[in-house]
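Each remark here refers to the structure printed beneath this line.
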Amino acid sequence: MEFSFTKEQLMFKKEVIRFAKKEIVPRIQEFELKKQFDFESFKKLGDFGILGLHFPEEYGGGGADVITTVLAGEALGEAGVDGGLTLAYGAHTFLCADTIFSHGTEEQRKKYIPKLASGEWIGCMGLTEPNAGSDVASMTSTAEKKGDKYILNGSKIFITNGPIADVSVVYAKTDMEKKHAGISAFIVEKGTPGFSAGTPLIKMGVCTSQTSELYLSNCEIPAENLLGKEGDGFNMSLQTVEWDRSALLAPFVGAATFMLNRCVAYAKDREQFGRKIGQFQAIKRKIANIRIFGEAARNLVYRIAWCKDQKKPLNHLEAAVAKLFVGDWSMGPSNDAVVLHGGYGYCHEYDMERIFRDSRLAPIGGGTSDIQRMIISKLI
Amino acid sequence: MNYEISEKEFTLNIDLHQRLTLLAKEGDLEVADTKQVRANLEKTLAVLADTPYLKFGLEAVPGFNGLASLMVAVEVVADISPSICLSVETSTRVFGKILTQWGTPAIKEKMLPPLLAGKLIGALALSEESMNVENAPLTAGGAVNGDTAEISGKKQYVINAPVADWFAVAGVAEGKSAVFLVKAGTPGLTVGPRKNTPGFQGAAIADITLENCAIPADQILMIPDGQNMLQTLRMWENQVLIGASLGLMKTAFDGARNHAKTHRSGGKPVIAFQEVGFKLSDMLTLFQTSQLFAFRTAWTTENVPADAESLTLCAKVFCSESAEQVAGEAMRILGGAGYETGNPVERASRCVKFLQIAGTSTEIARVKIGDAALGLRN
């Protein structure tokens with residue numbers, strides 16, 4: 001076992017933190033309060049190379065390994081970038097672009113990846129349905145082949161980037177008789193007749209990300225927009241789990257460091273009863289809890305990333321453990337961070353309440369904590 | 001970066017498991033009178049000396065990764081016998097590291113070979129009644145007078161004290177931090193009655209008293225300026241306890257999982273009930289997270305020493321508290337069976353209590369972690 005990073009990886013992480021603090025963080029408050037997506041910051045992520053970091057250079061990517069990609073996500077969280085933007089980045093890069101890259105034809109790769117990697121286009125993934133969340137096989141959206149076209153019908157819900165996406169990877173059943181094996185994946189572009197997004201959902205946290213329903217009403221798409229083969233869709237969605245349990249969790253790990261740094265700064269500055277509050281053991285305890293959570297969580301995320309770099313098949317048990325821990329065990333530290341700041345922690349400008357709200361998504365999105373427990377209990 | 005247990009480490013684990021399981025079948029390693037504790041330790045050390053295990057952290061072993069390899073292996077030892085783990089690790093790793101880090105060439109030449117051959121049992125005498133979160137100076141110590149030194153002081157909760165061949169007594173000499181190496185039986189050294197503890201009943205723990213105990217001056221190991229003896233010794237102790245946490249979690253988790261798969265209720269194995277299955281999932285999550293935390297801490301100790309102290313404290317808090325949670329849940333899954341004396345889960349539930357108290361207690365550890373983050377302490 002060996003736990004070091006390369007110099008290049010560490011330098012890149014520092015650079016991402018520097019970039020994010022300068023270019024993105026100063027804009028967060030404004031867009032958070034307006035609950036609007038910050039297109040300019042998203043484009044800056046593309047210009048910096050983060051959106052396409054792990055894609056080969058010939059597709060406009062940075063050719064980075066998975067660990068470096070995870071460190072970039074962690075760096076965004078550590079810099080204080082909001083969960084809304086990092087979620088939008090995750091859905092765009094890993095759930096949409098990577099699915100096209102991993103399963104698409106060369107034509108599809110060339111058409112979509114450069115524009116997604118640069119941020120010129122925004123991507124999303126439509127999998128969840130009102131009555132098919134974790135139980136994917138229950139989906140009712142259909143894709144019927146007619147000649148050289150597919151006709152898509154159905155609806156999707158909780159789709160990150162749904163209202164703003166230029167390109168969507170949409171899952172639908174090409175064979176209703178089959179369960180998982182009947183699911184296929186399609187590329188659907190914005191403006192396709194019969195394809196529309198609902199109004200953004202009003203959410204508790206990750207407010208700058210835009211989340212909505214997607215509607216498919218006799219939506220005709222060219223047959224070549226099928227990704228892979230008919231029936232491959234479920235396995236494609238499973239492959240995103242590796243990214244979900246590494247790169248998408250990484251900003252939460254970074255956020256723990258951000259919380260720690262902010263709590264330390266506040267505790268060193270704030271005085272009560274004639275001394276800095278950092279001198280009280282109750283404050284030290286909260287700071288310690290945040291540090292301990294961050295140190296514990298990062299190993300789980302790095303492990304998934306390292307295994308992916310080594311081309312090892314995903315260990316579903318380890319993936320579920322990572323998701324469960326980061327999801328459920330992040331509750332305490334984010335609560336501690338709010339309480340440590342007292343009344344200020346409850347106010348927007350101190351960032352802690354935002355992180356508290358953003359972190360509530362961790363045990364829900366990408367498979368709830370209870371689903372992770374179901375997976376683990378079956379595998380043991 | 002490499003998150004994989006190597007083939008050599010894996011093979012060693014299998015080997016250790018087989019050898020120690022055989023030993024455990026010969027006699028109970030967990031309940032023993034003091035004479036038997038000594039005999040158990042001698043037998044175990046002899047077995048371990050036939051493997052690379054005792055050398056980890058003390059000298060390089062080709063094909064292995066030092067303390068990281070140790071942390072992988074120590075889980076096996078603690079799973080089979082937490083008491084043996086505590087005794088062996090205190091002797092080999094804590095006492096042994098004192099020799100390798102601060103020993104003179106002559107001391108190393110004299111004491112390391114028998115230690116690595118499993119023929120010497122060491123103990124660390126560190127804790128004093130007055131110790132607290134502020135690291136109050138140690139009171140044990142003495143003056144050097146020519147070729148000898150006379151030391152006095154009281155030490156509490158000394159693991160291995162009733163069975164040790166040698167004691168490393170932490171104290172002060174000439175106003176500076178020092179470790180006094182005291183041979184068992186030296187006039188002036190008194191070992192108190194063995195402590196009666198709810199857990200780790202196969203280990204021998206006692207207080208010791210030193211009254212004008214004369215030792216040769218060359219058995220005083222002076223700590224170089226700039227090194228914090230107390231902090232370093234606590235860190236080594238804490239790493240032993242982290243390793244023990246892993247073994248106890250393994251015992252508790254395996255016991256609960258096996259019970260949940262075989263015990264039936266309402267016509268099905270109880271693991272089929274979400275309350276039980278989900279408990280096991282949380283337990284495994286804590287166990288795996290602790291493993292990775294422990295492995296990285298061990299690796300960091302040897303490769304990024306500046307980060308070792310605070311990371312060890314974080315890992316110690318996390319692993320020891322996780323062990324308590326895992327053992328508690330395991331007992332609830334086993335129900336009455338988990339409450340029966342002799343059941344490994346019951347034993348683990350008693351032992352885990354010690355992990356949070358021993359070394360740097362989790363309460364004090366949190367203060368120190370907070371202090372370090374706030375820049376109030378190194």
Side-chain angles (χ1 to χ4, degrees), chain A residues 1-6 9 67 260-261 263-265 267-268 276 278-300 302-307 309-310 312 317-318 320-326 328-329 369-370 372-380, chain B residues 1-6 9 65 68-69 71-72 133 253 257 260-261 271-272 274 276-293 295-300 303-304 310-311 313-315 317-319 321-322 362-363 365-376:
Chain A
M1 289 203 178
E2 198 262 309
F3 297 90
S4 63
F5 298 100
T6 65
Q9 286 168 334
I67 289 288
L260 178 68
N261 293 339
C263 287
V264 165
K268 286 166 97 167
K276 306 290 186 193
Q279 292 175 1
F280 293 104
Q281 290 189 346
I283 299 295
K284 293 175 188 178
R285 179 184 186 85
K286 287 181 174 59
I287 287 171
N289 285 343
I290 297 169
R291 164 105 200 267
I292 291 165
F293 164 74
E295 295 294 353
R298 70 179 68 244
N299 307 315
L300 297 164
Y302 297 156
R303 177 169 67 173
I304 304 293
W306 179 79
C307 287
D309 266 335
Q310 303 305 309
K312 291 176 182 296
L317 184 71
E318 292 174 357
V321 162
K323 176 69 167 61
L324 177 57
F325 185 79
V326 175
D328 269 25
W329 273 265
S369 290
D370 279 348
Q372 307 314 313
R373 290 186 176 93
M374 281 173 65
I375 293 168
I376 295 168
S377 60
K378 278 181 187 168
L379 291 174
I380 59 177
Chain B
M1 187 171 277
N2 184 346
Y3 270 80
E4 209 161 49
I5 291 175
S6 71
E9 288 168 335
N65 196 2
S69 294
M71 204 56 94
V72 173
V133 67
F253 177 76
R257 179 181 55 184
K261 284 182 171 181
I271 197 171
Q274 280 194 339
V276 174
F278 281 22
K279 263 189 176 53
L280 285 164
S281 301
D282 284 352
M283 290 159 66
L284 185 70
T285 297
L286 287 171
F287 182 26
Q288 285 204 354
T289 307
S290 296
Q291 284 177 315
L292 293 183
F293 209 158
F295 300 157
R296 183 160 73 93
T297 300
W299 179 86
T300 299
N303 293 279
V304 195
S310 69
L311 199 62
L313 286 173
C314 289
V317 172
F318 186 84
C319 294
E321 291 187 347
S322 294
T362 51
E363 306 306 318
R366 277 195 170 85
V367 171
K368 287 177 183 277
I369 294 164
D371 279 348
L374 288 158
L376 300 174

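The sequence lines fix the lettering, A, B, ..., with proteins before strands; numbering per chain opens at 1. Not measured: the values here are computed from a predicted model. Only heavy atoms go into these numbers, but all of them, side chains included; no hydrogens, no water, no symmetry mates.
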Q) Who among A/I287, A/L317, A/V264, A/I290 has the most heavy-atom pairs with chain B under 4.5 Å? A) A/V264
Q: Grab the two heavy atoms, one from B/K261 and one from A/I380, that are nearest each other, plus how far apart they are.
A: NZ-O, 2.8 Å
Q: Sort B/L311 into side chain, backbone, both or neither according to what part of it lies under 4.5 angstrom from a heavy atom of chain A.
A: both
Q.
Give me the atom names and distance for the closest heavy-atom approach of B/M1 to A/E2.
A. N-OE1, 2.8 Å
Q: With rounding to the nearest 0.5 Å, note down the distance linking CH2 in A/W329 to OG in B/S322.
A: 8.0 Å
Q | Contacting moiety of A/D309, where chain B heavy atoms sit under 4.5 Å | A | neither
**Q.** Side chain proximity check, A/M1 to B/M71, heavy atoms < 4.5 angstrom
**A.** no
Q | Interatomic distance, B/S310 atom OG to A/R291 atom CZ [nearest 0.5 angstrom] | A | 4.0 Å
Q. Based on non-hydrogen pairs under 4.5 Å, which of B/L374, B/N65, B/I5, B/N303 is most in contact with chain A?
A. B/L374
Q. Side chain, backbone, both or neither: which part of A/I67 has a heavy atom under 4.5 Å from chain B?
A. side chain
Q) Which distance, rounded to the nearest 0.5 Å, do you find between the CG of B/L284 and the CD of A/E318? A) 9.5 Å
**Q.** Which portion of B/R296 sits near chain A, non-hydrogen atoms under 4.5 angstrom
**A.** both
Q: Measure the shortest side-chain to side-chain distance between A/I376 and B/L280 over non-hydrogen atoms and say whether it is less than 4.5 angstrom.
A: no
Q.
Does any part of the side chain of B/T289, heavy atoms only, come nearer than 4.5 Å to the side chain of A/L300, both counted from C-beta?
A. yes
Q.
Are the side chains of B/Q274 and A/M374 in contact, using a 4.5 Å heavy-atom criterion?
A. yes
**Q.** Max heavy-atom pair count under 4.5 Å with chain B, selected residue of A/R285, A/K378, A/Q9, A/R373
**A.** A/R373
Q: Give the minimum heavy-atom separation between A/I292 and B/F293, together with the two atoms involved.
A: O-CE1, 3.9 Å
Q) Which atoms form the tightest heavy-atom contact between A/S377 and B/G277, and what is the distance? A) CB-O, 3.4 Å
(Q) Quick check on the interface: out of A/N289, A/I283, A/N261, who has the most heavy-atom pairs with chain B under 4.5 Å? (A) A/N289
Q) Got B/I369 and A/K284 here, is their nearest side-chain heavy-atom distance under 4.5 Å? A) no
Q: In sequence, state the C-alpha distance, the side-chain angles, and the governing distance for A/F3 and B/Y3, and then conclude on ring pair (Phe, Tyr, Trp, His ring centres under 6.0 Å).
A: CA-CA 7 Å; A/F3 297 90; B/Y3 270 80; 5.1 Å; yes
Q. What pair of heavy atoms forms the shortest contact from B/L376 to A/G278, and how long is it?
A. CD1-O, 3.9 Å
Q: Go through the atoms of A/Y302 and report whether side chain, backbone, both or neither lie under 4.5 Å from a heavy atom of chain B.
A: both
Q) Do the non-hydrogen side-chain atoms of B/F278 and A/L324 ever get within less than 4.5 Å of each other? A) no
Q: Assess the side chains of A/R303 and B/Q288: does a donor N or O sit below 3.5 Å from an acceptor N or O?
A: yes
**Q.** Which portion of B/F253 sits near chain A, non-hydrogen atoms under 4.5 angstrom
**A.** side chain
Q) Do you know which of B/T297, B/L286, B/T300, B/I271 has the most heavy-atom pairs with chain A at a distance under 4.5 angstrom? A) B/L286
Q.
Looking at B/G375, is its backbone amide N or carbonyl O close enough to the side chain of A/K268 to form a donor-acceptor pair, meaning the two atoms are under 3.5 Å apart?
A. no
Q) Is the B/F318 to A/F325 ring centre distance short of 6.0 Å? A) yes
Q. Can you name the nearest heavy-atom pair linking B/R366 to A/A288, along with the distance?
A. O-CB, 3.5 Å
Q | Toward chain B, the part of A/K276 with a non-hydrogen atom under 4.5 Å | A | neither
Q: Select, from B/S6, B/A365, B/A373, the one with the greatest count of heavy-atom pairs under 4.5 Å involving chain A.
A: B/A373
